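Everything below concerns the one structure shown next.
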Amino acid sequence: MKICSVVGARPNFVKLAPIARELAQRPQARHCIIHTGQHYDAALADVFFRDLQLPPPDYALGIGSGTHAEQTARTMLALEPILVEERPDWVVVAGDVNATLAATLTAVKRGLRVAHVEAGLRSFDRAMPEEINRCLVDAVADLLLTPSADADENLLREGVAPERIRRVGNVMVDSLLVALPRAAESAILERLKLSPGAYAVVTLHRPSSVDDPVTLRQLIGALARLAERLPIVFPVHPRTQARLSALDAPEIALLRCLPPLGYLDFLQLWRQARLVLTDSGGLQEETTALGVPCLTLRTTTERPVTVREGTNRVVGRDPAAILSAAEACLASPCPVEPRRPALWDGRSAVRIVDALLTDGAPAAAARED
Ligand code: UD1
């Protein structure tokens, strides 16, 4: 059976790594990796392939940045001839980035079967580009591999047939557990002169957090206030860096801004933090998996299980609310004993690959143009 995985951006690489490792163990599977190049900087792409021990991609499309339409369209154009040539039994996509949508549309229109890893998540906020991507991918993918019961419920509510849904757990946790021993060897804390449990980590990159200067200035203001209590370490995504460079916010000097970090250094940094403040989806899950307190600086989450069963609190973007939630966090005991949601056990990739190999009917004949 031939399986093509299409990845494009940082969180995709983290989800692909355990699946690639598992597929390499199965003699009946041939795996081909296509990297669209949505993320192309070494700090966002190459270091992840290295840290996650991913083999180099079989195809690198070099799509790069652009508007959503440009990025999606260029990916579709570059991908189509490869999929026609490879004729995989499955196209595997993950998450909710533009590469995920582009690959799904290209594959289903060619009559190829698509499996969506991390299906069913919904923020119910259509202003998020990722929400559009998730809804569209789940509407047309053949096999919906979900991380949690709430995702199954979302899909069923949308009228998805139960036989298209397979709960496999959270594959990011597989990556996390495999990488922990190697992350422990990272010297990031020594390099930054930080003591475990005595600092906070911040990440911000969503358009809703960083694209509006008023919102961004408010968030930076709140973080600068928190920096009076403990050091705030802030690895800055390129989108955010561009916005910060154009912003008049001298308080940014009170935060310890860094370039983006690789997977292992960043894992070591956040797992030892007293508190994480973020707008990332993946980090909400990862902090839950290891019992690190997390404040989500958004008004919604597509990962409610991290709030119900984990260490996440959705606090919004209001500075007073952020500061009071952070104070409450700092006043409560730490570390927290992690309580991982069901199937967040490091074996999701085994279940994903089992589902692909058992559901893998031969690809439908490619449609005529
Ligand atoms: C993308 C995903 C988002 C995911 C995030 C993870 C979409 C719609 N968004 O957001 O869901 O959480 O990745 O990081 O797919 N840039 C660089 N170097 C790079 C890549 C991007 O400098 O290697 C800069 C460019 O200026 C680009 C901007 O970052 O315009 C945004 O990149 P893009 O891939 O469009 O979206 P992200 O914000 O990274």
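Bear in mind the structure is a predicted one, so any value in this text is a computation, not a measurement. For ligands, and for the atoms within them, numbers begin at 1 and follow the listed sequence. All residue numbers refer to positions in the sequence shown, counting from 1.
The proximity of Leu44 to ligand 1, defined as any non-hydrogen pair under 4.0 Å, is limited to the side chain. At a heavy-atom distance under 4.0 Å, only side-chain atoms of Pro11, from C-beta outward, approach ligand 1. With a 4.0 Å heavy-atom cut-off, ligand 1 is reached by the backbone of Gln38 and by its side chain too.
Residues Leu283 and Leu258 share a hydrophobic cluster, clusters being chains of Ile/Leu/Val/Met/Phe/Trp/Tyr side chains in contact below 4.5 Å.
Scanning Gly8, Ala45, Pro238 for the heavy atom closest to atom 22 (O) of ligand 1 points to Pro238. Closest heavy-atom approach to atom 30 (O) of ligand 1 within the set Gly66, Ser65, Ser280: this belongs to Ser65. Remark: among candidates Arg10, His205, Arg134, the nearest residue to atom 5 (C) of ligand 1 is His205, based on non-hydrogen atoms.
Nearest protein heavy-atom contact of atom 2 (C) of ligand 1 is Val97 CG1, 3.7 Å. In terms of protein heavy atoms, atom 28 (C) of ligand 1 is closest to Arg239 CB, 4.1 Å. Protein heavy atom at the shortest distance from atom 16 (N) of ligand 1 is Tyr40 OH, 3.6 Å. Protein heavy atom nearest atom 18 (N) of ligand 1, with residue, atom name and distance: Asp41 OD2, 2.9 Å. At the shortest separation from atom 11 (O) of ligand 1 among protein heavy atoms lies Glu130 OE2, 2.6 Å.
Between His35 and Phe49, the ring centre distance stays below 6.0 Å.
With values rounded to the nearest 0.5 angstrom, Cys4 atom SG is found 11.5 Å from Arg87 atom CZ.
Nearest heavy-atom pair across Tyr199 and Leu269 is OH-O, 2.5 Å. Scanning both residues, Arg317 and Gln218, for their nearest heavy atoms gives O-OE1, 4.1 Å.
Using 4.0 Å as the threshold, Gln241 has no heavy atom nearer than that to any atom of ligand 1.
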Worksheet entry | Audit row: Asp211, Arg239, salt bridge (Lys or Arg N to Asp or Glu O under 4.0 Å) steps and yes/no | CA-CA 9 Å; Asp211 282 4; Arg239 168 193 285 279; 3.1 Å; yes

Item to complete: Would you sort out whether Asp265 and Arg191 count as a salt bridge (Lys or Arg N to Asp or Glu O under 4.0 Å), showing the intermediate values?
Response: CA-CA 11 Å; Asp265 280 343; Arg191 221 159 67 221; 3.7 Å; yes

Practice prompt. Report the C-alpha distance between Leu244 and Val236 in whole Å, list the side-chain angles of each, state the deciding distance to 0.1 Å, and finish with yes or no for side chain to side chain contact (heavy atoms under 4.5 Å, CB included).
Written response: CA-CA 9 Å; Leu244 286 174; Val236 183; 4.1 Å; yes

Item to complete: Quick one: do Arg122 and Glu158 satisfy salt bridge (Lys or Arg N to Asp or Glu O under 4.0 Å)? Show the steps, please.
Response: CA-CA 11 Å; Arg122 297 289 181 269; Glu158 290 172 14; 2.7 Å; yes

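The N/O atoms of His39, backbone and side chain alike, include one that comes under 3.5 Å of an N/O atom in ligand 1.
Screening Glu86, Glu85, Glu80 against Arg110 for a salt bridge (Lys or Arg N to Asp or Glu O under 4.0 Å) leaves a single residue, Glu80.
For ligand 1, the atoms closer than 4.0 angstrom to any heavy atom of Gln71 are 34 (O), 35 (O). Close contacts of ligand 1 with His237, meaning ligand atoms under 4.0 Å from a residue heavy atom, involve 14 (O), 29 (O), 37 (P), 38 (O), 39 (O). The ligand atoms of ligand 1 that sit less than 4.0 angstrom from a heavy atom of His68 are 8 (C). Atoms of ligand 1 found under 4.0 Å from any heavy atom of Asn98, numbered from 1 in the order shown, are 7 (C), 8 (C), 15 (O).
There is a side-chain donor-acceptor pair under 3.5 Å between Thr301 and Gln284.
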